[in-house]
Amino acid sequence: MKKIQLTVASLAIIASGLFVTACDNSKDAGNKNAKQSAKTEKTSSKADVKDLPNYRYVDIDTVLSKYNLAKDYNEEIVRLQTNMESQMKRHQTEIQNFASSMEKKMQNNGYLSEASYKQDQNSLVSMQDKAQKNMASLQSNFENSAMQAQQAVNDSIEAFVKEYNKTRGYDAILLKNATLFINPDLDITNEIVEGLNARYNKVTKK
């Protein structure tokens, strides 16, 4: 079974206002602004922070790989999956061994009556039924745990970003993977990761 890593489908986009473009009705003013913009592009290869658009972006894959809460949940999900695989192999081995012993017993005329053979047959069916129920329970627990972990990480990131933006006032915080191209100067991924980990207190299991 392929190892599953925790992934979050999306990070909430924070929209605290609308982008507003100021337009001057004067053609002369427009031409003047265009000339000034052209001059600025020639004299500077990288925009100053004050000249950047009022939005930023986050690389969610990097956040998930570095956020300690996400890493802890991922370790728990991997543990559950490993346990599920181990239980499956154990059931398979027990059933195969019992079926093999029945076959050998038949070949050696070990069954003295039809009743004794049917008894072992019923035991084999019971083992298979027990294995199926156990695996279904483990699978359900695994899926529920994965969903809860994903939701917890998603909620934590969303709550932090909203709080973070109260002191930044960005019009939007976007996802990098939702864009074809975006200026690298707008990347705040490291700030988000540092802030998330700074407030995260790992809960020690008793």
Side-chain angles (χ1 to χ4, degrees), residues 1-19 49 52-93 129-206:
M1 186 178 295
K2 188 177 180 180
K3 297 295 181 184
I4 298 176
Q5 292 191 342
L6 192 65
T7 61
V8 175
S10 66
L11 178 68
I13 297 177
I14 309 303
S16 58
L18 299 175
F19 292 108
V49 174
L52 292 174
N54 196 30
Y55 58 85
R56 298 294 184 271
Y57 76 85
V58 171
D59 184 341
I60 191 62
D61 291 334
T62 299
V63 173
L64 292 176
S65 68
K66 294 184 177 181
Y67 183 19
N68 291 331
L69 175 64
K71 291 194 290 186
D72 288 343
Y73 270 124
N74 188 64
E75 289 176 2
E76 176 66 12
I77 295 304
V78 170
R79 185 189 67 77
L80 290 175
Q81 184 174 5
T82 300
N83 178 62
M84 186 166 59
E85 292 173 347
S86 177
Q87 290 292 322
M88 181 182 293
K89 290 179 181 178
R90 182 179 66 81
H91 285 304
Q92 289 175 339
T93 299
D129 183 59
K130 181 180 178 181
Q132 289 178 350
K133 290 180 179 178
N134 185 33
M135 293 312 302
S137 176
L138 290 173
Q139 180 69 29
S140 177
N141 180 54
F142 173 80
E143 291 175 355
N144 289 336
S145 296
M147 289 178 61
Q148 291 174 6
Q150 178 175 315
Q151 189 63 51
V153 172
N154 197 43
D155 289 347
S156 178
I157 294 174
E158 181 178 346
F160 174 78
V161 169
K162 287 180 179 179
E163 189 66 26
Y164 165 89
N165 199 50
K166 287 181 181 179
T167 59
R168 303 306 194 282
Y170 297 133
D171 290 324
I173 296 178
L174 311 172
L175 290 178
K176 180 182 179 181
N177 60 1
T179 63
L180 293 176
F181 173 79
I182 192 166
N183 187 345
D185 293 336
L186 302 174
D187 188 359
I188 59 169
T189 300
N190 289 336
E191 288 183 39
I192 296 298
V193 171
E194 290 174 3
L196 285 167
N197 285 332
R199 73 169 190 170
Y200 174 55
N201 294 317
K202 183 174 182 178
V203 178
T204 303
K205 293 185 178 180
K206 296 181 180 180

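Here the CE atom belonging to Met88 is positioned 12.0 Å from the OG1 atom belonging to Thr93, to the nearest 0.5 angstrom. Going from atom CD of Gln139 over to atom CD of Gln132 covers 13.5 Å, rounded to the nearest 0.5 Å. Rounded to the nearest 0.5 angstrom, Tyr73 OH and Gln148 CD are separated by 8.0 Å. One finds the CG atom of Asp187 at 6.5 Å from the NZ atom of Lys176 (value rounded to the nearest 0.5 Å). Distance check: Asp155 CG to Leu69 CG gives 10.5 Å after rounding to the nearest 0.5 Å. Between the NZ atom of Lys71 and the CG atom of Asn68 there is a distance of 4.5 Å, given to the nearest 0.5 Å.
By the 4.5 Å heavy-atom criterion applied to side chains, Asn141 and Leu80 are counted as neighbours. For the pair Leu186/Tyr170, no side-chain contact is recorded, criterion being any heavy-atom separation below 4.5 Å from C-beta on. At least one side-chain heavy atom of Leu64 sits less than 4.5 Å from a side-chain heavy atom of Ile157. Side-chain contact between Glu191 and Arg168: present, with at least one pair of heavy atoms (C-beta onward) separated by less than 4.5 Å. Side-chain contact between Ile188 and Val58: present, with at least one pair of heavy atoms (C-beta onward) separated by less than 4.5 Å. Using a 4.5 Å heavy-atom threshold, the side chains of Asn134 and Arg90 count as touching.
Residues that satisfy the side chain to side chain donor-acceptor pair (under 3.5 Å) test with Asn83, not counting sequence neighbours, are absent from this structure. Qualifying side chain to side chain donor-acceptor pair (under 3.5 Å) partners for Gln92, counting only residues two or more places apart in sequence or in other chains: none.
No side-chain donor-acceptor contact under 3.5 Å links Ser145 and Arg79. Remark: the Asn154 side chain and the Glu158 side chain contain no N/O donor-acceptor pair separated by less than 3.5 Å.
At distances below 3.5 Å, at least one donor-acceptor pair connects side-chain atoms of Asn144 with backbone N or O atoms of Ser140. Looking only at distances, no side-chain donor or acceptor of Ser86 sits under 3.5 Å from a matching main-chain atom of Thr82. Ser156 places no side-chain N or O within 3.5 Å of a backbone atom of Ala152 that could act as its donor or acceptor partner.
Across all their heavy atoms, Leu175 and Thr179 have their closest contact at O-CG2, 3.7 Å. Between Leu174 and Tyr55, the shortest heavy-atom contact is CD1-CD1, 3.9 Å.
Tyr67 and Tyr200 have perpendicular rings, their planes meeting at more than 60° on a 0 to 90° scale where under 30° would count as parallel.
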May I have the step-by-step check of side-chain contact (heavy atoms from CB on, under 4.5 Å) for Lys162 and Lys166, ending in yes or no?
CA-CA 7 Å; Lys162 287 180 179 179; Lys166 287 181 181 179; 5.8 Å; no
